[in-house]
Amino acid sequence: MSDISGFERGAAEAAEKIKSAGSALVIAHIDADGITAASIASIALEREEIEHSVKFIKKLDPPALQFILDEEYDVLWFVDLGSGMYSKMDERCVVADHHRPDSLEKERHVNPHLYGIDGSSEVSGSGVAYAIAVAMDERNRDLSALAIVGAVGDFQESAHSRLTGYNHKIVEDAVEYAGITAEVDIRTFGKQTKPLPILFQYSTDPKLIDYITDQNDDRESCIRFFTDLDIDVNENIYWTQLDRNEKSKIVSALVNRMINRGCGVADVRKLLGEIYTIPENTVGTPDNWIEKLPEEMRANARVLFDAKEFATLLNACGRHELPEVGMEVCKGDRSEYLIRALNQQSGHRESLKTAIELVKLGEENGIKDKISGVPLNNIRFFNGGKKVKDTILGIITGMLLNSPEVQCSDRPLIAFADSSDGSNMLKVSGRGTKEMVDRGLDLSLAMIKSSKECGGTGGGHNIAAGASVPYGKENEFLLKLDKMIGQQINGE
């Protein structure tokens, strides 16, 4: 049973520890959740006038932890990581994390799993950092918008098409204190930035073009779909500019087409969900900032108005060695750092596209379900080697698992890539689905145990987890993982 009161008491105790410090180092993960968590922590510390620095890291292993413990700060505040190494930390450490912990100790350790709250779907790392920030000072409730971006960036709304659990409480704060709008709308990515025909032409979750025409990437069919509904459409019309009646007309037509093509209730439900729209002015932003940007960047800058698109922008920064740029955008920069982030996003999209096409081509880097002729009964895998950047491995794995073109969503998908940190280790990412979790899947537990038996480390969530394993141990790791997941799901 969820112990919300206990969770918030833990956050308050951590807040007191932080507020008593003369200096602090914030240590954060590089993804959207980590960047928003670091931003929340940094703003809260600034408001307390506590001298601090922020350090972003890809993973927290024993060497990385020791390096941090050697730092001379009064408090070491870990956000969106740390729980897996908590037992090895000293009394200066405060952990705000939502991944599986290695210790049930609650002192200076704020983790939803310790209070019966699901850290994979009910609160993210930025949400835990937000709880501590609010305990530090009530005025920090205006940082709730960043916690929403972090949660959505961590796909915590995907299971129910909206944020639930403790996240819902943060949504209520975001509506009241940060001006966010939370309303049911179409879930297609790009509503703020893609002209209407392009939005429907290239949408992937769901793939709307399939319900409009039998021809892939047919923009004319998309335009005809709208004109048949008496909706004026051109390259300057965006979904967010439509009125409620126009949106309802489009959604009704799409639902009818989906049903006529044999889609079930689950497919139709994926079309709609609770969407979180962020106002133009949030914490730290200058007035009329969008008009001050170069004209050619104004349309793309509208990513900041949608929580999912904002999170994708932050991932583009964090996954390509620019997490500090993303943090400055979170803290209100709307000029130099925003422009750098927007430029980086184009490169990020190209990297994802190239990597996905590489895997889809098959051959050496393709998805497999056998090792040297030995079948894997419960998982599939691919190895990107040096061709796929380890920092985007998890994103690619999730995209491939949910791709209707690949059709591999009946089993967890496991991915390998060479580590970019110079270590003799392979980076591993694994992704499952809610249906698999409902059947007993716990990728985090399976990754932890399988990697440990191979001389590596692992952790994460039941639906999404990662690991590091030594080169040459990947086959042994996969066989152990396959057996363990079979026991979880099928009782093998």
Side-chain angles (χ1 to χ4, degrees), residues 29-34 56-59 61 153-155 204-205 311-323 326 344-371 376 379-409 411-432 443 447 450-451 454 456-460 463-478 481-482:
H29 192 221
I30 61 170
D31 65 0
D33 193 26
F56 290 97
I57 59 175
K58 294 179 184 178
K59 63 179 180 179
D61 56 14
D154 225 39
F155 301 99
T204 57
D205 187 21
T312 302
L313 180 74
L314 297 179
N315 273 323
C317 295
R319 301 298 183 177
H320 297 276
E321 287 78 51
L322 294 172
Q344 180 58 52
Q345 189 169 39
S346 298
H348 178 61
R349 287 170 178 160
E350 198 57 39
S351 295
L352 294 177
K353 180 180 177 182
T354 300
I356 288 171
E357 289 303 317
L358 175 73
V359 177
K360 284 183 178 179
L361 282 174
E363 301 174 357
E364 180 186 357
N365 305 109
I367 296 174
K368 301 176 176 63
D369 59 7
K370 293 180 181 179
I371 302 173
L376 297 168
I379 60 175
R380 292 186 178 87
F381 76 97
F382 69 90
N383 193 331
K386 291 182 171 62
K387 298 177 183 177
V388 175
K389 200 170 185 178
D390 63 340
T391 54
I392 61 173
L393 191 63
I395 299 173
I396 294 164
T397 308
M399 293 174 72
L400 286 166
L401 181 67
N402 294 299
S403 170
E405 298 174 25
V406 178
Q407 294 186 341
C408 65
S409 61
R411 304 183 192 178
L413 182 61
I414 311 301
F416 296 91
D418 289 9
S419 294
S420 58
D421 59 5
S423 65
N424 190 35
M425 304 290 279
L426 280 167
K427 168 72 180 293
V428 189
S429 283
R431 294 294 184 271
L443 265 178
M447 285 277 200
S450 299
S451 60
C454 296
T457 59
I463 197 169
S468 293
V469 296
Y471 281 103
K473 292 282 191 175
E474 52 266 43
N475 287 357
E476 179 185 347
F477 169 78
L478 284 169
L481 190 67
D482 184 59

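Everything numeric here is computed off the predicted structure, so don't read it as measured data. Quick note: numbers below take in every heavy atom, side chains included, and nothing from hydrogens, waters or symmetry partners. One is the number of the first residue; the rest follow in order along the sequence.
Residues in residues 312-322 take part in these side-chain hydrogen bond (donor to acceptor under 3.5 Å, both in side chains) pairs, two or more places apart or across chains: His320-His348, His320-Lys389, Glu321-Lys389.
With values rounded to the nearest 0.5 angstrom, Ser403 atom OG is found 13.0 Å from Ile396 atom CD1. Within the model, atoms CG of Asn402 and OG1 of Thr397 stand 11.0 Å from one another, a figure rounded to the nearest 0.5 Å. The line from OG of Ser429 to CD1 of Ile392 is 10.5 Å long, rounded to the nearest 0.5 Å. Once rounded to the nearest 0.5 Å, the distance linking CZ of Phe477 with CZ of Phe381 reads 11.5 Å. Leu401 CG to Gln407 CD: the interatomic distance, rounded to the nearest 0.5 Å, is 12.5 Å. Taken from CD1 in Ile463 to CZ in Phe155, the straight-line distance is 10.5 Å, to the nearest 0.5 Å.
Not counting sequence neighbours, the partners of Arg380 by the side chain to side chain donor-acceptor pair (under 3.5 Å) test are Asp410. With sequence neighbours excluded, no residue forms a side chain to side chain donor-acceptor pair (under 3.5 Å) with Thr354. The side chain to side chain contact (heavy atoms under 4.5 Å, CB included) test applied to Phe56 returns Ala28, Ile30, Ile35, Ala38, Val54, Pro323, Glu324, Met327, not counting sequence neighbours.
Within the 4.5 Å cutoff, the side chain of Asp61 has no heavy atoms near those of the Met425 side chain. Asp482 is not listed as a side-chain neighbour of Ile414, based on a closest heavy-atom distance of 4.5 Å or more.
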Name each donor-acceptor pair under 3.5 Å that joins a side chain in residues 465-474 to protein atoms two or more places apart or in another chain, with its distance.
unit_1, atom_1, unit_2, atom_2, d
Ser468, OG, Lys59, NZ, 3.3
Tyr471, OH, Asp418, OD1, 3.4
Lys473, NZ, Glu476, OE1, 3.4
Glu474, OE1, Gly472, N, 2.8

Let me have the donor-acceptor pairs involving side chains of residues 356-366, under 3.5 Å, with sequence neighbours excluded, atom names and distances please.
unit_1, atom_1, unit_2, atom_2, d
Lys360, NZ, Glu405, OE1, 2.9
Asn365, OD1, Lys387, NZ, 3.4
Asn365, ND2, Asn383, O, 2.8

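Nearest heavy-atom pair, Arg431 versus Gly394, reported as atom, atom and distance to 0.1 Å: NH2-CA, 3.3 Å. Here the closest heavy-atom approach between residue Asp390 and residue Lys58 is recorded as OD1-NZ, 4.2 Å. Between Ser451 and Thr457, the shortest heavy-atom contact is OG-C, 3.1 Å. In this structure, Leu413 and Cys408 approach most closely via the heavy-atom pair CD2-SG, 4.2 Å. Val428 and Met447 get closest at one heavy-atom pair: CG1-CE, 3.9 Å.
The number of heavy-atom neighbours closer than 6.0 Å to NZ of Lys368, taken from other residues, nucleotides and ligands shown, is above 12.
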